[in-house]
Every structure is written in C-alpha cells, then in structure tokens.
Amino acid sequence: MPADTGAPVLLWFRRDLRLSDNPALTAAVSTGRPVVPVFIRDDEDAGDRAPGGASRWWLHGSLKALAEDLSGRGSRLILRSGNAADAIDDLLKETGAEVVFWNRRYEPWATRRDEAIKTSLKERGIEAKSFNAALLCEPWEIETKDGGPYKVFTPFWKALRGLGDPERPEAAPDGIPAPDAFPKTENLDDWKLLPEKPDWAGGLREAWTPGEKGARERLATFVDEAVMAYADKRNLPAKAGTSRLSPHLHFGEVGPRQIWHAAIAAGMSATGQPTPKGVETFLSEIAWREFSWHLLFHFPTLPEEPLRPEFSDFEWKDDDGGLKAWQQGMTGYPIVDAGMRELWATGWMHNRVRMIVASFLVKDLLVHWREGEVWFWDTLVDADLANNTASWQWVAGSGADAAPYFRVFNPVLQGEKFDPDGEYVRRWVPELKDLPANAVHAPWTAKPMELKEAGIELGRDYPHPIVDHATARKRALERYRRMKDGN
Ligand code: FAD
C-alpha cells in the first residue's frame, strides 16, 4: 500500500452489487482513506456477452438500489461507461487515487481484461488488489488427485464439501468515508437499460425486487419457509419450493457464503442439526453453480464449443419455424409452452422446466443448443455465462458430466410426474385451464367432449404438437448413433 497521502481508494463494483460480505469494500474502508465507488458499464469489453434485455432491466434496479444504499452510508455511486481500462485511468487522474480494489469475475473475457488492467496499474505504481466475493471456492483452489480440473460433479462436490464451512460473511460497514469531492457521474436513466417501446417488463416488475434488500428478504423467506422441504419440493414447478435467488446471486446482491450460513442456521434451529436433508440438498445445488464456474474457468471455450469434441460432428437442424414456436411457447406440448411463457413473462423459469424445454429444443427439434442458450441469455434475469452454457451443454449431452444422450425427456411424462394436477400448465397456458388433469399434458389425447367442455379446438385455440415426440426421439437417437459411428 503506498504511503497515505489522503488520496482516495477506487472501489470498482462489478457483479458484487452489495455492501455486506463484500471483501473489496471491507478492505477499502479499512484503509481509513476516502472511498470512491464506481460502476463501469463495460459492454464494450464484454462484446457479445454484454447483458441481454432482461439482465439490463435487472441491472438498472440493482444499481439504483446500490446507489441508495451507498448514499445511506455517506457515499455515492459513480457511473461511467466504455472500456474499463480507460474509465479507470480517467478516474485515477480525476481523483488522484493510488489504489484500486475490486472483487473478481471469472468470465474468460473479464479474466483477460482484469489481468491486463492489474498489470498496467502495477507498472505505474498504482496498487491493484482483487478479492473473492462470488464463490465458495475459486476455480484454482481445488483440483483432482491428478492435479487437474474436475469434470464430474460428484467428486467436485465431495472435495468442496470437505473444505468445511466457508468463512463467515462480514457485515456491511456502518459508514463509508467520502472524498472532499466526488468525480462526475453519468446518469443511470441515460443508459436506457429499461425497455420503453414496448415496455415488456411488467411481469418482471411484479415478480422481482432487484437489489441487496430484495435479495436479503428472498433469502430470509426461503430459509424460513422452504429450505427444510427443498429436497421434496424442488422439482415441482407449481410450488414455491426453490429459493429464486439466481438473479440476486448472478448480480452479486447476495453471496454464496451468506446463503450457506443462512441455510445451515435454519437447519440448526429446526432440527438441532446444521444440515438436515433439505439443507444438504440445497447446498449441493449451490455447488452446481460453483461447478459451472470451475468448468468455465478451466474450459473457456465452453460457451462456444462442445466439451466432448465428438459433438462437433453432430448434425443439427436449421428449423426457424420450430425455434420460433419454442420461443413463443407454441409447440403444442403444454409443459414446454408453460415454461417458455413463464420465462417471457417473468424472466425466470423453474429448473426442472428449463431441463424439459432445453431437451425439447435440442433433441425433439434438433436445433443447436447455442440457439437456446442465446435466447435464454436475452430473456433470463439470471442469465449467467457459466450456469447457462454449462447447463445447455449438460442437456445437449456434450458437457463434461452430461446426462447420457439417449435419455431424452418425454415432455408428457415429465409434465405428469412433476406437475401432476396441471397447476403449472394451467397458470401459464390458460387456454388449457379447463382440461381435466388426465389430458392437460397431452391435449390431443382428450376426448372430443372434454375439449368441447374446455372450450378448445386444437389448431385454433392451442397448437397441435409441432413434432411427434416418439418419432423425434428415434430421429435424435439415430443422429447420435451416426455421430458416434462417424457416418
Ligand atoms: P435453487 O434451486 O434455489 O438453487 C439455489 C442456487 O443454486 C441457484 O440460484 C443457482 O445459483 C444454483 N443452482 C441451482 N441449480 C443449479 C444448476 N442446475 N446449475 C447451476 N447452478 C444451479 N442458472 C443460472 O443462474 N443462470 C442461467 O443462465 C441458467 N441457465 C440454465 C439453462 C438451462 C438449460 C438449465 C437446465 C439450467 C440453467 N440454470 C441457470 C440453472 C438453474 O435452472 C437455475 O440456477 C435455477 O433454476 C435458479 O432457480 P433458484 O434460484 O430458485 O434455484
């Protein structure tokens, strides 16, 4: 640390939009110097991985909340846009700061950029220090017995679990020392992150409260009401059985250490045991997120290329009509359509249904998983490079620890198993709401009388299935066999 000249510390916020459990902020405050918090809209650096539409909506709310939280502690959020290296250089000149702190990101583009920034700052005698706010275990902190990265989840989880509980999260500082004058800031509204014409965000506004407070409340509700039953209810999309913390986690409004400790405290107070079944299962899902980041860090081509190289030869199909029907929730398979409509309306979809809709796109329609990934990137509020690409590759069969290709989800059976009364389908595909439970997942099997009573004419009020699942399954398996046999 350079001698204290009274020059401020630049605190660069990124995907850590919170004040508690924020090691870079804690370190900045503990220098005793004034702190200049800055967020740089770095779409230019991210290229085609700049936030999609739903994420931009979220980011607006999250930055607004962070700015309010900072001002409540006597500080101010400075906004800049453009290439991050230039924005930081400008701020160093304007403020005279000699120290820059941030919490690490792990996307391949961000890691490359941050390393270059760190090197360049150090060469100029500026102290640059980064911290871990986002993960329980950074990708280089655990390795297999042979010294390489993990490619299979179960041993990864065993190794992570074996490390014991993560450090306890730090509370937010009471006050954040301000400089005599803050540098100028851009105006959040001028970034136009919110949709205007058309304003498609009504459902998002209803479903979510971006920001640290929203994250804290959601975590509290989940640990109070749902974590104990998580193992039993997490696969039922009609129930509030999962935490819905994913967008909060993606933007760093809450961190995994905070979630971990809140979950084990809930287990302890309910049973006297830190990790009863529901809590343990939940922690293992948090570990899937860690595993995705581990994979992306060690296999940085994950977003573009199959992890199993043989999948480079898979014969995908161009099917614009099929892709469009899928995006619009008009495939004629109710559970698929319900999921895609939930996504469009709220920016989120239940994990079980994500698996079903993804399988339908890549196996029933044979559309490349990257098409689905790109759609999710634009429409999910939790769109996350690691989780999204690792999950799509998992479903497509090309991922490291993927589901075996021949296990093709049957959308009717999946619907009947995980949405037995059709509650989820009726919520998101209201035209089917009056069908009896035995037909709600396969309306084409309903008796003419049942369709009539439900006010449905297939092909007019709801589509006929765009493919026959049994035929599509055979076709997918045939293509898989051809890929494996090399002909
Ligand atoms: P909970 O069940 O409450 O789990 C808590 C947290 O654990 C989640 O918030 C998430 O951070 C993590 N988690 C849970 N399941 C998984 C999983 N299977 N893989 C990785 N992390 C997991 N998740 C994203 O955060 N962003 C994405 O872009 C994303 N894309 C996906 C695409 C596909 C095709 C599939 C099948 C899954 C995807 N997931 C993604 C994973 C998972 O569906 C979501 O994390 C989960 O549905 C979020 O809901 P929740 O917060 O209620 O999860």
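In this text, all values refer to a predicted model and were calculated from it rather than measured experimentally. Worth knowing before you read on, the calculation uses all heavy atoms, side chains too, and leaves out hydrogens, waters and symmetry mates. One-based numbering, in listed order, for ligands and for the atoms of each.
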Honestly, for Phe222 the part within reach of ligand 1 (heavy atoms, under 4.0 Å) is neither
With heavy atoms only and a cut-off of under 4.0 Å, state how Tyr230 meets ligand 1: side chain, backbone, both or neither. side chain
Please check if the number of heavy atoms outside [X] that lie under 6.0 Å from its [atom1] is greater than 12.
X      : atom1 : result
Glu167 : CD    : no
Asp199 : CG    : yes
Glu170 : CD    : no
Asp378 : CG    : yes
Glu304 : CD    : yes

Taking all atoms of both residues into account, what is the closest heavy-atom pair of Phe156 and Ala287, and its distance? CE2-O, 3.7 Å
Please determine whether a side-chain nitrogen of the Lys or Arg among Asp382 and Arg354 lies less than 4.0 Å from a carboxylate oxygen of the Asp or Glu. yes
Nearest-neighbour protein heavy atom for [atom], which is reported as residue plus atom name and distance:
atom                    : answer
atom 35 (C) of ligand 1 : Ser391 CB, 3.3 Å
atom 3 (O) of ligand 1  : Ser243 OG, 2.6 Å
atom 5 (C) of ligand 1  : Phe282 CE1, 3.5 Å
atom 22 (C) of ligand 1 : Glu285 O, 3.6 Å
atom 19 (N) of ligand 1 : Trp288 CB, 3.7 Å
atom 39 (N) of ligand 1 : Arg354 NH1, 3.5 Å
atom 30 (N) of ligand 1 : Asn388 OD1, 3.0 Å

At a 4.0 Å threshold, what atoms of ligand 1 neighbour a non-hydrogen atom of [X]?
X      : value
Leu249 : 9 (O), 11 (O)
Leu245 : 9 (O), 51 (O)
Ala383 : 28 (O)
Ile286 : 5 (C), 6 (C), 7 (O)
Ser246 : 9 (O), 25 (O), 48 (C), 49 (O), 51 (O)
Trp348 : 48 (C), 49 (O), 52 (O)

Name all residues meeting the side chain to side chain contact (heavy atoms under 4.5 Å, CB included) criterion together with Pro23; count only those two or more places apart in sequence or in a different chain, and write none if there are none. Asn103, Phe131, Ala133, Arg257
Please name all residues satisfying side chain to side chain contact (heavy atoms under 4.5 Å, CB included) with Asn387, sequence neighbours left out, ordered by chain then number. Arg289, Ser292, Asp384
Given side chains that start at C-beta, do those of Met340 and Met349 come closer than 4.5 Å, heavy atoms only? yes
[X] near ligand 1, heavy-atom distance under 4.0 Å?
X      : value
His250 : no
Trp377 : no
Arg244 : yes

For Asp382, is at least one N or O under 3.5 Å away from an N or O on ligand 1? yes
Do His350 and ligand 1 have an N or O pair less than 3.5 Å apart? no
Answer yes or no for Arg168 and Trp260: cation-pi contact, defined as NZ/CZ to six-membered ring centre under 6.0 Å and angle to ring axis within 45°. no
Option of least heavy-atom distance to atom 10 (C) of ligand 1 (set: Leu380, Asn387, Ile259, Asn351): Asn387
Relative to the ring of Phe314, is the ring of Phe311 parallel (under 30°), tilted (30 to 60°) or perpendicular (over 60°)? parallel
Can you confirm whether the side chains of Glu217 and Thr209 place a donor and an acceptor under 3.5 Å from each other? no
